[in-house]
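Before any comments, here is the structure.
One-based numbering, in listed order, for ligands and for the atoms of each.
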Amino acid sequence: MSRPMVLRGGRVIDPSQGLDERLDLLVVDGRVARLGRDLDAPKGAEVAAVDGLVVAPGLVDLHVHFREPGDEHKETIRSGARAAVAGGFTSVCAMPNTDPPIDDPAAVGFLRAEGQRAGFAHVYPVGAISVGQKGEEMTEVGELAAAGAVAVSDDGQPVWNAGLMRRVLEYTKAFDIPVFSHSEELGLSRHGVMNEGPVSTALGLRGIPNAAEDVAVARDCIIAELTGGQLHIQHVSTRGAVEIIRAAKARGVAVTAEVTPHHLALTDEAVRGYRTEAKVKPPLRSAASVAAVRDALVEGVIDCIATDHAPHHYEDKEREFDDAPFGLIGVETALGVCIRELVVSGRLDLPELINRLSCRPAQIARLPAGTLAEGSPADVVVFDPEVRWICQPEEFLSLSRNTPFAGQELVGRVVMTIVDGRSVFARGADR
Ligand code: DOR
């Protein structure tokens with residue numbers, strides 16, 4: 001068991017308990033033992049003075065891609081889980097689009113075991129919806145759940161078959177796990193490489209219209225209503241999708257939604273210069289779409305923020321824009337991008353940002369996370385909310401470097417991350 005630990009004098013923000021005050025946090029046996037003023041440190045305890053820093057429940061990312069098995073040169077479970085804690089994430093949900101995909105219980109077990117062995121962030125597997133992620137035959141969802149899958153998704157690919165979406169939303173009810181949907185109508189998006197609009201026209205690149213997302217989100221919300229299954233819409237990027245989700249929620253449909261930091265921060269202008277680091281699915285959209293997803297997050301129509309951390313090798317991203325893969329990395333920039341875009345601008349205060357990066361996502365995937373309540377696992381992030389730093393991908397712990405935020409100033413950075421009461425990341429001591 002790890003040594004007891006006292007974090008002294010930090011600004012403890014825990015939205016799960018409505019807390020925002022200067023307190024000490026005592027960790028014993030991997031759990032939060034007490035929150036209070038001037039706590040006595042037990043004998044042998046490690047004491048860290050964290051004045052001026054925020055102490056919060058560890059962040060929870062519902063959407064990461066670790067590339068193991070199959071593409072370990074881009075990211076392994078270990079490197080991804082290590083990069084996650086450097087970004088303040090103590091729990092991550094790993095998507096199944098590996099090679100081969102996570103579509104059977106043994107693969108789910110492998111992901112979990114490797115995550116535990118790595119000992120950084122908790123790695124929760126998301127099992128595939130369809131065998132081989134081909135969109136045809138449903139996986140053994142119950143067995144995946146029994147093996148530890150916290151959700152199912154075919155992310156990377158949409159479920160093109162509405163009948164399959166119906167069946168999986170029906171079936172998952174018995175296991176009380178959500179269906180995560182990468183909502184994309186391939187008939188509208190298939191040949192596109194960026195957002196359809198004036199920038200794609202100027203660059204001579206084929207576009208993906210907003211409608212490719214809107215149609216798919218509408219379909220999935222209608223099927224969620226039909227079945228009563230728990231639907232979670234991944235990486236929302238359009239106003240249309242927001243309005244459909246809003247209307248579905250108003251009708252009582254069990255739907256939740258996430259938005260990525262990059263869809264909150266960047267428009268399709270980032271693609272100019274044929275910058276493949278900004279090639280992502282769904283694509284970076286217009287300024288009007290960015291405004292819509294920001295407003296939807298603030299209002300709560302979009303429940304939470306998830307990174308869609310998608311590592312790719314630079315040789316793949318060096319290709320012609322048309323041929324480069326979709327995706328960008330996000331776990332090490334998320335907090336700095338979100339504080340810059342949402343807190344500095346006054347859209348959200350820090351407690352609400354932590355709610356959307358920790359408590360809400362933990363609730364959606366029913367994870368034992370997102371709280372510093374006494375007795376809960378001591379998964380904690382300590383960060384400086386004001387420090388300004390330049391994003392330098394060569395400093396990242398991820399094995400990949402594909403970020404459109406390189407060279408930008410971000411605000412707020414993780415100082416220390418604790419998982420199950422163990423310090424797993426301390427800035428400066430991370431190499
Ligand atoms: O840009 C993306 N990259 N979007 C996805 O849905 C999948 C991801 C990946 O796996 O690279």
Salt-bridge contact Arg340-Glu409 (side-chain N to carboxylate O under 4.0 Å): no
Where ligand 1 meets Asp155 - atom numbers and elements under 4.0 angstrom, heavy-atom basis: 6 (O)
Single hit among Asp155, Leu367, Ile364, Val123 for side-chain contact (heavy atoms from CB on, under 4.5 Å) with Cys93: Leu367
Contact atoms of ligand 1, heavy-atom distance to His312 under 4.0 Å: 11 (O)
Side-chain H-bond candidate by donor/acceptor type, Ser153 with Gln234, under 3.5 Å: yes
Location of contacts on His182 toward ligand 1, heavy atoms closer than 4.0 Å: side chain
Element-labelled atoms of ligand 1 that are located less than 4.0 Å from some non-hydrogen atom of Gly156: 6 (O), 7 (C)
Candidate pair Arg422 and Ser2, rule side-chain hydrogen bond (donor to acceptor under 3.5 Å, both in side chains), full reasoning: CA-CA 6 Å; Arg422 283 178 308 115; Ser2 50; over 6 Å; no
Ligand-residue contact atoms, ligand 1 with Ala310, heavy atoms, under 4.0 Å: 3 (N), 8 (C), 9 (C), 11 (O)
Any N or O of Gly327 closer than 3.5 Å to N or O of ligand 1: yes
For Arg67, atoms of ligand 1 separated by under 4.0 Å from a heavy atom: 9 (C), 10 (O), 11 (O)
salt_bridge(Asp384, Arg427) N-O dist < 4.0 Å: no
Side-chain H-bond candidate by donor/acceptor type, Asn355 with Arg360, under 3.5 Å: no
Those atoms of ligand 1 less than 4.0 Å from some heavy atom in Val280: 1 (O)
Side-chain ion pair, Glu299 and Arg246, N-O less than 4.0 Å: yes
Closest to atom 5 (C) of ligand 1 (judged by heavy-atom distance), picking from His309, His262, Lys281: Lys281
NZ/NE/NH1/NH2 to OD/OE distance under 4.0 Å, Arg11 and Glu386: no
Ligand 1 atoms in contact with Asp308 (distance to a heavy atom under 4.0 Å): 4 (N)
Closest approach of any protein heavy atom to atom 3 (N) of ligand 1, naming residue and atom: Phe326 O, 3.1 Å
